[in-house]
There are 2 protein chains.
Amino acid sequence: MAKQKQQSEVESKIFGNHDHGNCFDDAIKQIEIYFIKKKLQFTPLRRKVFEILLRDHKPLGAYEILDTLGKEGHSSSPPIAYRVLDFLIEHGFVHKIQGLNAFIACSNPNHIHSPAFVICRKCEKVAEIDEKKSGVSFQTPGIENFKVEKTTVELIGICRSCSDTANW
Amino acid sequence: MAKQKQQSEVESKIFGNHDHGNCFDDAIKQIEIYFIKKKLQFTPLRRKVFEILLRDHKPLGAYEILDTLGKEGHSSSPPIAYRVLDFLIEHGFVHKIQGLNAFIACSNPNHIHSPAFVICRKCEKVAEIDEKKSGVSFQTPGIENFKVEKTTVELIGICRSCSDTANW
DNA sequence: TGTATTATGTTATGTTGTAACATGTTATGC
DNA sequence: GCATAACATGTTACAACATAACATAATACA
């Protein structure tokens, strides 16, 4: 029992049962600071897209984002979303989950990082973990001469909570 | 010099300068044995799709495969390719490279494995490495309770040979 | 305040993947 | 052998994801 409780608590950190208001505000603050420092424009559109991703706190498809943009007074033609997403990705505030064709706000944009994602295929929650802390290293003999520029690491499976309530 | 030579040899193994005829025949032999053992049908269509992937020995998009199928006397409507690819993937003889929306024949179908891919964005060559041997482990504190079912690991960058001849 | 740069808007189209249903082929028990 | 169930392929139509190309608007800054 004690052990179970403890595991749950650890996992809930990973799967983000957290103070969401806090998380949201922090993220906005961070991106604002970054944009000022880099002399980039944190335009209403960019802010909106980032907010949409932040408030859902789960991966969203580009067309889902577009729908929301449309409902909230912006244009909703595809390039609008893709351009802003590309921009936010480039600056590390958004990641693309390849396995889902979806986008998610970064949980830890403070440093350059190679994120890894843990994705529950049942509840669709996604946890971003730090590649460095995840045992991922890629020091394969033979790729010393390969200059890695970008890594994609995604683990699909079933999270603890879905595993407990599962009927399949 | 000696060191460079040595590195080249190692990398050429990874990037597959190999006896291709041998590799092709081996792969066919393996899949035939597997299909017999599992009482599956290695139909002309499945054989053809697998051969197309084997002979190119690089990732191909579904529609590229379809084109080739069309030229070689098969139907070329999308579901044909996707169904066969799904089937071959399910049995571990083909992998999908998420970052390229493309498919590649497995280099090592003899055992159940979680492959990792090293992809040169210049020459588009892809090396499949064994996750177990690649330092990838995913023993992140906090995901002990997450049941990993499938992993996607892809490293994009520049291979040695492209790095040497590069002008960018 | 004119000009360059950056950002957004719009149309059209390209690419990737699937649903649904029809037809053909193979395995198997009677 | 042959009925029938299971499996495999064929076909049409469309859904989902993404980008090219060009027009207009906003902002930076000399």
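In this structure, NZ of A:K48 is placed 16 Å from C1' of C:dT8, rounded to the nearest angstrom. Separating the CG atom of B:L85 from the P atom of C:dT18 is a distance of 11 Å, rounded to the nearest angstrom. Here the C1' atom of nucleotide C:dT26 and the CZ atom of B:F42 are 17 Å apart, to the nearest Å. When the P atom of C:dT6 is taken as reference, atom CG of A:D86 falls 17 Å away, rounded to whole Å. Atoms CZ (B:F103) and P (C:dT16) sit 10 Å apart, rounded to a whole Å. Between the CD1 atom of B:I65 and the C1' atom of C:dG17 there is a distance of 13 Å, rounded to whole Å. As rounded to whole Å, 11 Å separates atom P of C:dG17 from atom CD of A:Q98. With rounding to whole Å, B:K39 atom NZ is found 15 Å from D:dA6 atom C1'.
Partners of A:K48 under the salt bridge (Lys or Arg N to Asp or Glu O under 4.0 Å) rule, at least two apart in sequence or in another chain, are A:E72. For A:K150, the side-chain hydrogen bond (donor to acceptor under 3.5 Å, both in side chains) partners are A:T152, not counting sequence neighbours. A:S77 is linked by a side-chain contact (heavy atoms from CB on, under 4.5 Å) to A:S75, A:P79, A:I80, counting only residues two or more places apart in sequence or in another chain.
For residues 23-33 of chain B, the side-chain hydrogen bond (donor to acceptor under 3.5 Å, both in side chains) pairs, not counting sequence neighbours, are B:E32-B:R47.
Side-chain atoms of A:H20 come within 3.5 Å of backbone N or O of A:L54 as a donor-acceptor pair. One N or O on the side chain of B:E154 and one on the backbone of B:Q98 form a donor-acceptor pair closer than 3.5 Å.
Contact check on A:D67 versus A:K71 returns no salt bridge, with no Lys/Arg side-chain nitrogen under 4.0 Å from an Asp/Glu carboxylate oxygen.
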Could you walk me through whether B:I129 and B:V153 pass the side-chain contact (heavy atoms from CB on, under 4.5 Å) check? CA-CA 10 Å; B:I129 61 185; B:V153 178; over 6 Å; no

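The terminal axes of the helix from C:dT1-D:dA30 to C:dC30-D:dG1, fitted over 5 pairs per end, subtend an angle of 30° to the nearest 10°.
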Please write out each protein N/O paired with an N/O of nucleotides 7-17 of chain D under 3.5 Å, distance rounded to 0.1 Å.
from   : atom 1 : to    : atom 2 : distance (Å)
D:dA8  : OP1    : B:R46 : NH1    : 2.8
D:dA8  : OP1    : B:R46 : NH2    : 3.4
D:dA8  : OP2    : B:R46 : NH2    : 3.4
D:dA8  : O5'    : B:R46 : NH2    : 3.2
D:dT9  : OP1    : B:T43 : OG1    : 2.5
D:dG10 : N7     : B:R83 : NH2    : 2.6
D:dG10 : O6     : B:R83 : NH1    : 2.8

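Residue A:E51 holds its CD atom at 4.0 Å from CZ of A:F24, rounded to the nearest 0.5 Å.
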